[in-house]
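Structure first, commentary second.
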Amino acid sequence: MEWLTLTIDGREVSVPKGTTVLDACRMNNIPIPTLCHAPELTSAGACRLCVVQIEGMRNLPPSCVTQVAQGMKVETQNPKVRNARKTILELLVANHPLDCMTCQKMGDCSLAEYAYDYGVTGTVYQGEKRCLPIDDGNPFILRDPNKCILCGKCIKACTEIQGKSILDFSFRGFDTQVGPAFNLPYNESDCDFCGSCVSVCPVGALTEKQMAGKGRPWEVSKVQTTCPFCGVGCNFDLNVKDGKVIGVTSNPEVPVNGKALCVKGRFGMDMIYSDNRITTPLIRKNGELVPAEWDEALDLVATKLGEIKKTYGPNSIAALSSAHCTNEENYLMQKFMRAVIGTNNVDHCART
Amino acid sequence: MTNSINEIPNVKAMFVIGSNPTEAHPVIGTKMKQALAKGAKLIVADPRCIDLAEHADVWLRLRPGTDIALINGIMNIILANEWENKEFIAERTEGFEKVREAVQQYTPEVVSKITGVPVEQLQEAAKIYATAERASIFYTLGITEHTCGTDNVMSLANLAMLTGNIGKESSGVNPMRGQNNVQGACDMGALPNVYPGYQQVASPEVRAKFEAAWGVPLDPNPGFMIPDMFGAAVSKDLRALYVMGEDPVITDADANHVRKGLEALDFLVVQEIFLSETAKLADVVLPGASFAEKTGTFTNTERRVQMVNQAIKPIGNAKTDGEIICELATRMGYPFNYESSAEVMQEISKLAPQFGGITHERLGTQGLQWPVPHAEHPGTKFLHEGKFNRGKGLFMAIENQLPAEMPDEEYPFLLNTGRKLSHYNVFTQHSPSLGDHSPEELAEVNPSDAKKLGIEDGEVVQVASRRGELKTKVKVTERVPEGMVFMTLHYFDSPTNVLTNGAYDKVTKTYEYKVCGVKISKIN
Ligand code: SF4
Ligand code: SF4
Ligand code: SF4
Ligand code: FES
């Protein structure tokens with residue numbers, strides 16, 4: 001691999017050929033604000049927030065689409081660069097709703113983070129605010145077009161991750177919107193509800209409906225785990241607040257799927273709290289299943305299985321283990337049947 | 001799978017047969033679309049116009065149950081054009097001559113007649129698959145859920161070996177496992193003939209090893225497979241059944257037969273998280289915990305063992321399935337004293353060689369793909385590199401066979417079953433939002449059949465087979481060919497498995513879910 005040397009803010013660093021200036025900075029822990037860039041998507045250079053100064057270049061180029069060249073001298077924080085970024089942010093904030101205190105994205109919003117960092121007040125430009133209807137006609141995704149900063153990331157996620165092309169720009173100028181083509185609501189489009197668009201949106205324009213009002217990012221602990229639904233084995237973070245799962249967010253570091261998930265993994269976790277959950281042991285008495293204590297239920301099962309084994313032999317007992325349970329539980333089940341009961345009568349629905 | 005999921009975007013030619021990945025394995029479906037965006041070619045073999053068929057270079061709309069003829073036909077074309085990989089065949093396989101002979105009679109014309117696929121499409125598919133730099137086959141239950149499922153799988157292995165498309169990065173034969181941990185349940189020996197790690201119950205040395213580890217004598221005879229259990233219950237050879245986390249009344253074929261078996265038992269214990277149809281028949285129901293409430297591991301379809309981490313306490317009075325089994329074992333006089341599931345994994349790694357180097361600690365956030373024979377081993381990305389498990393790959397001559405029950409005058413429609421995107425078996429019905437999004441069965445019927453029957457889109461009809469009947473709403477669509485109805489397995493109100501045939505493959509005893517005869521009648 002060919003390596004190139006460049007100077008960033010006076011520091012000499014080496015990166016492999018083909019690296020962008022943005023990645024070179026990030027590899028060396030130099031922060032650059034970005035709104036339209038995501039590592040898993042192609043770069044468009046649309047928002048220009050990532051601009052830097054490069055010696056010998058007249059304008060300030062966006063670092064996410066500029067390749068490193070040997071000997072390049074880059075400045076990422078000088079007043080000219082910071083001012084350019086601030087102006088972009090002022091313009092974005094000028095027509096952005098400022099209901100941050102009740103916005104679901106608060107605490108995880110890139111626009112708010114950068115506005116804070118750059119001292120953006122929202123008073124420099126007096127922009128017209130949009131007043132568009134919110135799309136909440138489906139059970140999964142809330143779309144508030146008033147908060148959209150037109151970064152285009154959701155459009156790319158839909159095409160490049162999901163292989164669909166549901167989303168696009170509609171209208172022009174001040175009226176420009178991003179959403180399902182022809183500005184349809186999500187539930188009237190061909191959307192798969194994979195939620196990849198939600199996972200890349202930097203602001204509160206696309207959020208998970210089920211999580212609305214359930215918890216703030218800083219109140220939530222994230223537990224990485226494996227999806228319980230299909231054999232792809234996607235991983236994601238369960239978001240937990242006060243001992244309750246409030247939803248799922250994707251985690252770009254996981255091995256199989258990165259940020260991609262399907263509708264079941266991303267939005268099906270309300271099954272944990274389904275009304276159909278059994279929360280206490282049940283024993284059949286006079287033909288009815290009635291609640292019982294654990295000790296009573298376990299003693300009954302142990303006694304009954306013991307009796308049947310004694311009377312009819314171990315092979316009169318069988319078990320169905322489970323493709324939903326963990327490896328450890330399946331191991332214990334087959335060991336229980338083989339070593340405790342004494343039979344090889346153990347199988348599971350391997351074939352569905 | 002022989003390959004890894006993240007090798008898919010680099011495949012040059014994909015042959016997807018009997019599988020609907022964008023709905024049944026959605027994130028694998030998206031990886032396939034990423035491969036397409038990078039210029040990969042796609043062959044789809046499916047009687048239904050599945051989503052991927054619309055993106056395919058060639059869509060082979062074969063008659064259900066004619067997979068073997070199709071594959072033999074493709075091999076015939078490959079040989080006729082000398083597209084086979086002679087070096088691979090000579091060095092890494094045996095038995096090739098028998099297959100060459102067997103496929104001779106499967107000329108494109110003969111195969112076109114059997115399968116209904118035009119000759120030109122057969123030729124195009126053979127060319128794409130055989131001449132690509134890295135080709136991979138992907139299949140699921142559309143191949144295995146037949147009385148000839150094992151033979152279907154062997155046919156695909158023949159095709160891969162013929163062209164040397166196996167044992168390489170982004171090139172192999174990839175069965176995609178359905179449920180989240182079906183791979184792991186098999187690996188762990190939740191099967192009547194093998195101990196953990198696929199070690200044979202029938203082998204005296206293996207048995208001696210497990211007897212020493214567990215400290216008790218073990219039964220040398222393999223046990224019942226699921227389809228045998230219900231019959232054995234009716235004949236009173238089986239008296240008690242302990243069901244953990246499965247709902248056979250809904251998910252097994254010929255549901256009425258299953259129910260009869262369960263009702264004949266002296267004692268039925270069901271350990272479940274939801275009050276399932278099977279649980280409603282139980283003598284004792286034990287509440288298990290969901291995946292969010294426990295720590296352990298699942299193994300995905302690419303053999304990656306990954307952590308399941310506890311996020312919340314069990315709901316109500318529920319306990320994890322592992323805890324319940326341990327308590328029962330202890331009460332029955334064989335104490336299971338495990339501090340944690342990590343300790344159970346330590347025991348597994350000592351007994352199952354593929355898991356030798358696996359500990360919860362090593363799995364961390366990235367998991368490991370078995371085989372992981374020892375503590376320093378990095379895991380195995382793809383299988384059969386350089387050699388097959390048995391040494392040389394064995395070609396097997398396979399002849400076409402008809403499904404056990406084909407449509408006839410009385411039951412003129414062919415019922416095909418499968419999954420849809422928003423649900424997973426019956427499990428996801430318990431998610432209010434997914435239930436809301438996709439609330440009911442919509443049996444797919446071709447417009448010309450609908451016209452003949454005088455039924456309309458959205459109408460509720462009766463569907464009956466020799467084994468049972470149900471009511472379902474109908475969706476009139478070109479997605480299914482004439483003479484076929486398609487239904488899913490997701491809905492309690494239209495329990496498709498009262499219709500399906502309990503006939504099964506002679507080796508794996510997998511039910512023939514994919515083909516049976518039904519009739520459709522209008523409800524007045
Ligand atoms: S949910 Fe998925 S399919 Fe739907 S618009 Fe977003 S990215 Fe596209
Ligand atoms: S919805 Fe979000 S991701 Fe999409 S363009 Fe608007 S701000 Fe960007
Ligand atoms: S998120 Fe979807 S594709 Fe991924 S494992 Fe779960 S069900 Fe399968
Ligand atoms: S992040 Fe570089 S232009 Fe938007």
Side-chain angles (χ1 to χ4, degrees), chain A residues 139 162-163 223 225-226 228-229 231-234 238 240 243 245 255-257 260 262-263 268 270-272 274 276 278-284 297-298 301-302 304 308 312 316-332 334 336 339-340 344-345 347-351, chain B residues 25-27 30 33 177 179-182 184-185 188-190 192 214 216 223-226 229 239-246 267 269 274 283 285 287 290-292 296-298 300-301 306 308-309 311 316-317 321-322 325 329 331-332 334 341 344 348 366 424 430-434 436 510:
Chain A
Q162 185 61 9
V223 181
T225 196
T226 306
F229 293 127
V232 179
C234 297
L238 285 174
V240 182
V245 173
V256 174
N257 53 301
C262 81
V263 60
D270 48 354
M271 67 98 183
I272 297 169
S274 154
N276 290 332
I278 316 166
T279 53
T280 189
L282 306 170
I283 295 179
R284 191 170 297 278
L298 290 170
V301 174
K304 272 292 206 177
I308 291 172
Y312 303 105
S316 65
I317 303 174
L320 291 189
S321 201
S322 175
H324 297 302
C325 289
T326 62
N327 288 325
E328 291 77 359
E329 289 165 339
N330 276 286
Y331 175 83
L332 290 173
Q334 61 85 37
F336 174 76
V340 183
N344 286 308
N345 287 340
D347 200 357
H348 69 284
C349 294
R351 304 156 192 102
Chain B
H25 299 86
V27 166
T30 68
K33 288 193 175 170
R177 306 305 303 259
Q179 297 175 69
N180 59 315
N181 200 32
V182 63
M188 290 301 109
W214 294 342
V216 287
F224 289 130
M225 284 176 147
I226 291 181
M229 289 182 188
R239 299 278 172 161
L241 184 65
Y242 179 5
V243 179
M244 169 171 85
E246 299 272 3
F267 191 57
V269 188
F274 304 116
D283 296 292
V285 179
S290 81
F291 83 112
T297 55
F298 291 155
N300 77 352
T301 185
Q306 304 189 99
V308 174
N309 290 308
N317 228 341
D321 296 285
I325 299 168
R331 271 164 220 253
M332 292 189 73
Y334 185 130
S341 61
V344 179
I348 296 167
Q366 302 295 301
Y424 205 81
H430 299 288
S431 154
S433 54
L434 294 175
D436 196 24
T510 302

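As the structure is a prediction and not an experimental result, all values here were calculated from the model. Values reported hereafter were calculated over all heavy atoms of this structure, with side chains retained and with hydrogens, waters and symmetry mates removed. Proteins get letters first, then strands, A, B, ... in listed order; numbering begins at 1 in each.
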For residues A:Thr225 and B:Asn309, is any side-chain donor paired with an opposing acceptor at under 3.5 Å? no
Could you tell me which portion of B:Val269 (side chain, backbone, both or neither) has an atom closer than 4.5 angstrom to a non-hydrogen atom of chain A? side chain
At what distance, to the nearest 0.5 angstrom, does CE of A:Met271 lie from CZ of B:Phe274? 5.5 Å
Heavy-atom contact with chain A under 4.5 Å, split by part of B:Val285: both
Side-chain (A:Glu328) to main-chain (B:Gly322) donor-acceptor, under 3.5 angstrom: no
When rounded to the nearest 0.5 Å, the distance separating SG of A:Cys325 from CZ of B:Phe291 is 13.0 Å
For A:Pro228 against B:Phe298, the heavy-atom pair lying closest together: CA-CE1, 4.1 Å
Any donor and acceptor pair, going by atom type alone, linking the side chain of A:Gln162 with main-chain N or O of B:Thr30 inside 3.5 Å? no
Sole candidate of A:Thr326, A:Thr226, A:Asn327 that passes side chain to side chain donor-acceptor pair (under 3.5 Å) when paired with B:Asn181: A:Asn327
I need the minimum non-hydrogen distance between A:Val245 and B:Ala292, along with the two atoms involved. CG2-CB, 4.4 Å
Do you know which two heavy atoms are closest between B:Ala190 and A:His348, and how far apart they sit? O-ND1, 2.8 Å
Please rank B:Ala185, B:Pro287, B:Gly223 by heavy-atom pairs under 4.5 Å with chain A and give me the top one. B:Pro287
Please round to the nearest 0.5 Å and tell me the distance separating atom CZ of A:Phe336 and atom CD1 of B:Ile325. 8.0 Å
For a quick test of reading the model, state the closest non-hydrogen atom pair linking A:His324 to B:Gly245 and the distance between them. CD2-O, 3.3 Å
